[in-house]
Amino acid sequence: MLDSDPGVTWAGEATNGEEAIAAVPAVRPDVVLLDIQMPRLDGLAAARRILAEERPPRVVMMTTFGSDENLYAALRAGVSGFLLKTAAPEQFLAAIRAAAAGDALIDPAMTTRLISAFAGRTDPASPPALAGLSDALLDVLKLVARGLTNRQIGQTLSLPEEEVGLLVKALLEHLGLFDRAQLVMAAYESGLVTPGEKAHFSSL
C-alpha cells in the first residue's frame, strides 16, 4: 500500500508499543501509524507517550473494531487520524498525507456516532473554557469541528488560506492544544458545536 505512493517513504517498523516509542527518536518519522491492539504496550498508550514528547510526529491510529471509547480517547490524546482496518488503502494514504500536512482524518463511518455519543460530555483533561476567543476564532473553530480544511474554511469565511492557518495556530495556542483533532473535541465538549446543528457565522 505504501509502496504504491511515491510521496510516502517507509521509515521503520515496530512489533509492539514499546518498540514504537523507542523507534521514533531513532528514525524521526513525520507520521507514525499505530495499531490500537499491540502487544506489551497497546497502541493508545504508545500514542500518548509519543505525543507527549517534545516536537512529536503525527500519529494515525487504526483498529479492527470501532469502539467509541477508543476513538474518543485517541482524539483526546491528539492523534491525527483514526481508521478501521477495513478501510480502503487510499483512505490510509489520505490519512497519512493529511496528518503530515497538519490536518486530521477520521473514518467517516465513525464520526457521526462519536459526535452523538460524546458531544457536551465534560472531561477532566479537556481544555479551558472558550472564554476570551474572538468571534473570528470561534467561527474558525466551528468550521474545524465540522471537518473543513483550511482552504474550505477560507472559502466559507472569505479569508486567504494562509490567514486561516494562522487563526488555527492561534486557537491551538490559546487552548493549550497541539493538534487539529483536539480542536474538534474541544468544540463539541464545550457545547460550541452540537450534532445536527447548522453553523452560523459572524461577519469578519
Side-chain angles (χ1 to χ4, degrees), residues 11-12 14 16-25 27-85 87 91-92 94-130 141 144-145 147 168-169 171-190 192-193:
N16 61 63
E18 291 179 355
E19 285 185 10
I21 293 168
V24 166
V27 302
R28 301 183 63 83
D30 296 309
V31 179
V32 177
L33 181 63
L34 288 175
D35 188 340
I36 219 167
Q37 294 175 312
M38 299 178 75
R40 297 183 63 177
L41 186 69
D42 67 74
L44 188 54
R48 289 194 184 102
R49 294 262 298 277
I50 290 169
L51 291 167
E53 296 296 325
E54 186 176 357
R55 306 182 79 169
R58 303 287 179 172
V59 173
V60 173
M61 189 75 67
M62 58 182 177
T63 183
T64 304
F65 304 105
S67 161
D68 292 340
E69 289 289 347
N70 281 341
L71 174 54
Y72 183 82
L75 290 177
R76 290 295 309 137
V79 304
S80 298
F82 195 100
L83 297 170
L84 295 174
K85 289 184 184 178
Q91 195 167 2
F92 278 96
I96 291 168
R97 287 193 296 268
D103 213 331
L105 190 152
I106 310 300
D107 193 313
M110 304 178 71
T111 306
T112 302
R113 192 177 73 210
L114 173 84
I115 291 169
S116 298
F118 294 103
R121 157 178 168 164
T122 57
D123 188 293
S126 63
L130 304 182
L141 180 55
V144 169
V168 171
K169 183 179 179 182
L171 279 168
L172 291 168
E173 291 175 352
H174 180 91
L175 296 174
L177 303 174
F178 59 87
D179 189 270
R180 198 180 186 94
Q182 290 180 312
L183 288 177
V184 176
M185 299 311 297
Y188 282 101
E189 287 175 346
S190 67
L192 178 68
V193 180

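The analysis underlying the following values was restricted to heavy atoms, covering all of them including side chains, and did not include hydrogens, waters or symmetry mates.
Counting heavy atoms from C-beta outward, T63 and L84 have side chains that approach closer than 4.5 Å.
In this structure, the separation between CG on L183 and CG on L172 is 4.5 Å, given to the nearest 0.5 Å.
Summarising the geometry of S80 relative to R58, their closest heavy-atom pair is OG-CD, 3.5 Å, with the distance given to 0.1 Å. Between I96 and V31, the closest heavy-atom pair is O-CG2, 3.8 Å. P25 and R28 get closest at one heavy-atom pair: O-CG, 3.6 Å.
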Please evaluate residues F82 and I36 with respect to the criterion side-chain contact (heavy atoms from CB on, under 4.5 Å), reporting the C-alpha separation (whole Å), side-chain torsions for both, the decisive distance (0.1 Å), and the verdict. CA-CA 10 Å; F82 195 100; I36 219 167; 4.1 Å; yes
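Annotation: side-chain hydrogen bond (donor to acceptor under 3.5 Å, both in side chains) contacts of K85 (sequence neighbours excluded): D35. By the side-chain hydrogen bond (donor to acceptor under 3.5 Å, both in side chains) test, R97 is found to be paired with D5, residues two or more places apart in sequence or in another chain being considered.
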Mind listing the side-chain donor-acceptor pairs of residues 40-57 below 3.5 Å, one per line with the distance, residues two or more places apart or on another chain?
from: R40; atom 1: NE; to: E18; atom 2: OE1; distance (Å): 3.3
from: R40; atom 1: NH2; to: E18; atom 2: OE1; distance (Å): 2.8
from: D42; atom 1: OD1; to: L44; atom 2: N; distance (Å): 2.9
from: D42; atom 1: OD1; to: A45; atom 2: N; distance (Å): 2.9

